[in-house]
Amino acid sequence: MKVLKFGGTSVGSAESIRAVTDIIGSQSDQVVAVFSAMSGTTDRLEEALLKASGGDSSYSSVLDEIEHRHLSEAGKLLNATDLSEFSHNISGLIMRLRNILEGIFRIGEVTRRSSDMVLSYGELMSLELMHAVLSERLDNVSLADSREMIFTRILNGDERLDYHTSEEAIIRTLPRDKRVVVMAGFIATSAKGYPSTLGRGGSDFSAAVIASAAGASSLEIWTDVSGIYTASPAIAEDAFPIGKLSYAEAQEICHFGAKVLYPLAIQPVMLKQIPILIKNTFAPDDKGTLISKGSSGNGGAVKAVTSIDNICLVSLTGGGMAGVVGIASRLFMALAKHNINAILITQASSEQSICIAINQKDGERACEAIDGEFESEIDAGRVRPALLEKGFSIVAIVGEGMKYSVGVSGQAFSALGRNGVNIHAIAQGSSELNISVVVRGSDVRKAVNSIHQEFFSAVNKVINIFLAGTGNVGSALVEQILKRAGYFVSEYKTEFRIIGIANSRKMLVRSEGISGPEWKSLVMESGRSTDLEVFKEEMFSLNLPNTIFV
């Protein structure tokens, strides 16, 4: 048996649903297919919740749009008879959803329980459509209800997966005599019997729990990218898919920014040694990323460079902290009482300062909690009030091979230093699996690209050039760069990219680069009036690594 989970983009249109059908139909093993809501549907349901609880009756229009989208895509996929039945089922779901939201509208309040109930309808509607489409095209297709198999219980005030109860229910309930079993992810049932969810990323989690409990041969996560990349392609243009990762590496990468796989989904299958394969629904022949036991053993010490934005630093300092037992414990207990998570922690060996990185939205609350806990020490002057600094990002370097390699951190810090990126905090665990640094949010793109180019030698190093002056000398330089571009790439794996050109009349700045034999005409036709101060400001605002100003 295989468990295949399809994300929102994979079921977001008639075209993508046809691709999903082909993927499932090509499987030789029994398949349990777990589906997310159509892309964007959960966001629209959250919008409807917000409108209804705020007394805005236009929540009804949002439901109309959701219903229309599902019917529209179904009309491109189903025959007349199946479409009629699907339309009836969707209308029933929308009617029940409308009744729930009307109650929220009248009360003017939304609870966690009613929120879970409303958000679950995205998966229910997607499941109706996928069951109808697959039943029409494939034989021996069965519908299973995840609410009868996935259970949650209250832990620290939140609904969390009850793995033991869920495992027993999956073993007891999951059909074993059907070629294809379809079910929804994300939605569950609480221990007290009311609807609950596993939160964002819950469909991955649902699929992993099912794969673990059922003893699946593999868990496949089908999404809109061809695996886990060496860095976010939105930040590093030269990032590429990683062929193999260990479970530990994947957990670190997914925790630090990669949205391809929900980090909690790795644990259930890791315990049973079930491999995970990340695949692209829209490019099924691409190799993807395999996550399995042990070291990936596929190249360098560093496997990926990732980042988290919107971070703030909160520091507790004071000479009265040195040698005092329990300071750190009290600090973290104060944060825990206010449900604030510490993402990164550093402490000086002098014991006179502790610095934590947390989500920026929690910064003020964290300071209030810490100041309240250490009120007496602050009044006595032994400890200073908590210091809050905003506008940071965390850049993480991940790879199991780092523990066997000397100088990885020095190499990374050197790359950052050459590009003028200042490090504000550093954290590295004894496992040497992750080196994390805190940098200014404005430097994160430069930091990621600098480190990525440093460690992935197969990737061309990019030199970004800004040139002011295109007279005889300046023009000759541009012509040389363009003419010799192929030589430097092939011989030195270095790409010279002209980002900005300014002459006495026009200036042009393009982050993707200016190239081609008609570069002069391009500058004159597409450029703006020259202002060298603005030209320099744009160069600094792009903040690209390996930048040269000529």
Side-chain angles (χ1 to χ4, degrees), residues 224-225 229-240 282 305 307 309 391 393 395 415-422 439-454 456-550:
D224 55 1
V225 292
Y229 280 63
T230 52
S232 169
I235 296 178
E237 294 179 1
D238 48 11
F240 54 89
F282 309 98
V305 185
S307 62
D309 296 325
S393 296
V395 176
L416 294 175
R418 286 197 308 271
N419 285 280
V421 178
N422 189 33
V439 301
R440 280 287 173 191
S442 56
D443 286 334
V444 68
R445 178 177 291 271
K446 180 189 283 188
V448 169
N449 277 280
S450 300
I451 296 171
H452 190 267
Q453 291 182 17
E454 183 73 22
F456 296 97
S457 57
V459 177
N460 295 332
K461 183 177 183 178
V462 178
I463 306 295
N464 297 292
I465 298 173
F466 289 79
L467 180 135
T470 57
N472 290 337
V473 175
S475 295
L477 176 60
V478 174
E479 295 292 347
Q480 285 183 338
I481 290 171
L482 297 179
K483 183 178 179 180
R484 302 284 281 172
Y487 170 78
F488 280 105
V489 169
S490 61
E491 292 296 319
Y492 299 104
K493 295 189 180 299
T494 299
E495 176 186 351
F496 288 92
R497 187 178 296 170
I498 302 174
I499 303 297
I501 294 178
N503 58 35
S504 59
R505 287 176 291 168
K506 295 283 188 176
M507 66 180 193
L508 180 64
V509 176
R510 284 189 171 180
S511 58
E512 68 273 19
I514 301 168
S515 60
E518 305 300 324
W519 63 269
K520 284 188 177 180
S521 299
L522 182 64
V523 171
M524 297 306 293
E525 293 170 4
S526 302
R528 296 163 290 159
S529 296
T530 296
D531 184 327
L532 286 180
E533 290 303 317
V534 173
F535 187 71
K536 289 191 291 182
E537 286 174 8
E538 293 192 12
M539 177 180 70
F540 285 117
S541 65
L542 283 173
N543 206 15
L544 298 171
N546 308 319
T547 293
I548 297 175
F549 179 79
V550 181

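Sequential numbering from 1 along the given sequence is applied to the chain's residues. Computed from a predicted structure; not experimentally measured. Only this structure's heavy atoms are used, side chains among them; waters, hydrogens and symmetry mates stay out.
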Are more than 12 heavy atoms, taken from residues, nucleotides or ligands other than R418, located less than 6.0 Å from that residue's CZ atom? yes

Is atom CD of E237 surrounded by more than 12 heavy atoms (other residues, nucleotides or ligands) closer than 6.0 Å? no

Can you say whether the rings of F549 and F535 are parallel (under 30°), tilted (30 to 60°) or perpendicular (over 60°)? tilted

Between [X] and [Y], which heavy-atom pair has the shortest distance, and what is it?
| X | Y | value |
| --- | --- | --- |
| S475 | T470 | OG-O, 2.7 Å |
| S511 | I499 | O-CD1, 3.5 Å |
| S393 | G441 | OG-CA, 3.5 Å |
| L482 | G516 | CD1-O, 3.7 Å |
| S529 | K506 | N-CD, 4.4 Å |
| N543 | S442 | ND2-O, 2.8 Å |

Test item: [X] side-chain N/O and [Y] main-chain N/O as donor-acceptor pair under 3.5 Å:
| X | Y | answer |
| --- | --- | --- |
| T230 | F240 | yes |
| T530 | N503 | yes |
| S526 | V523 | no |

Using the side-chain contact (heavy atoms from CB on, under 4.5 Å) rule, take T547 and L542 through it: C-alpha gap first, then chi angles, then the decisive distance, then the call. CA-CA 10 Å; T547 293; L542 283 173; over 6 Å; no

Gap separating the [atom1] atom of [X] from the [atom2] atom of [Y], nearest 0.5 angstrom:
| X | Y | atom1 | atom2 | value |
| --- | --- | --- | --- | --- |
| K536 | D531 | NZ | CG | 10.0 Å |
| I465 | L477 | CD1 | CG | 6.5 Å |
| I498 | L467 | CD1 | CG | 7.0 Å |
| I481 | I514 | CD1 | CD1 | 11.0 Å |
| K446 | R440 | NZ | CZ | 14.5 Å |
| D238 | Y229 | CG | OH | 12.5 Å |

May I ask you to test the L508-I501 pair for a side-chain heavy-atom distance under 4.5 Å? no

Decide yes or no for K461 and K493: does some side-chain heavy atom of the first lie under 4.5 Å from some side-chain heavy atom of the second? no

Can F488 and I463 be said to form a side-chain contact (heavy atoms from CB on, under 4.5 Å), step by step? CA-CA 11 Å; F488 280 105; I463 306 295; over 6 Å; no

Please lay out, stage by stage, how H452 and I235 fare under the test side-chain contact (heavy atoms from CB on, under 4.5 Å). CA-CA 10 Å; H452 190 267; I235 296 178; over 6 Å; no

So which of L544, N464, N546 actually passes side chain to side chain contact (heavy atoms under 4.5 Å, CB included) with R497? N464

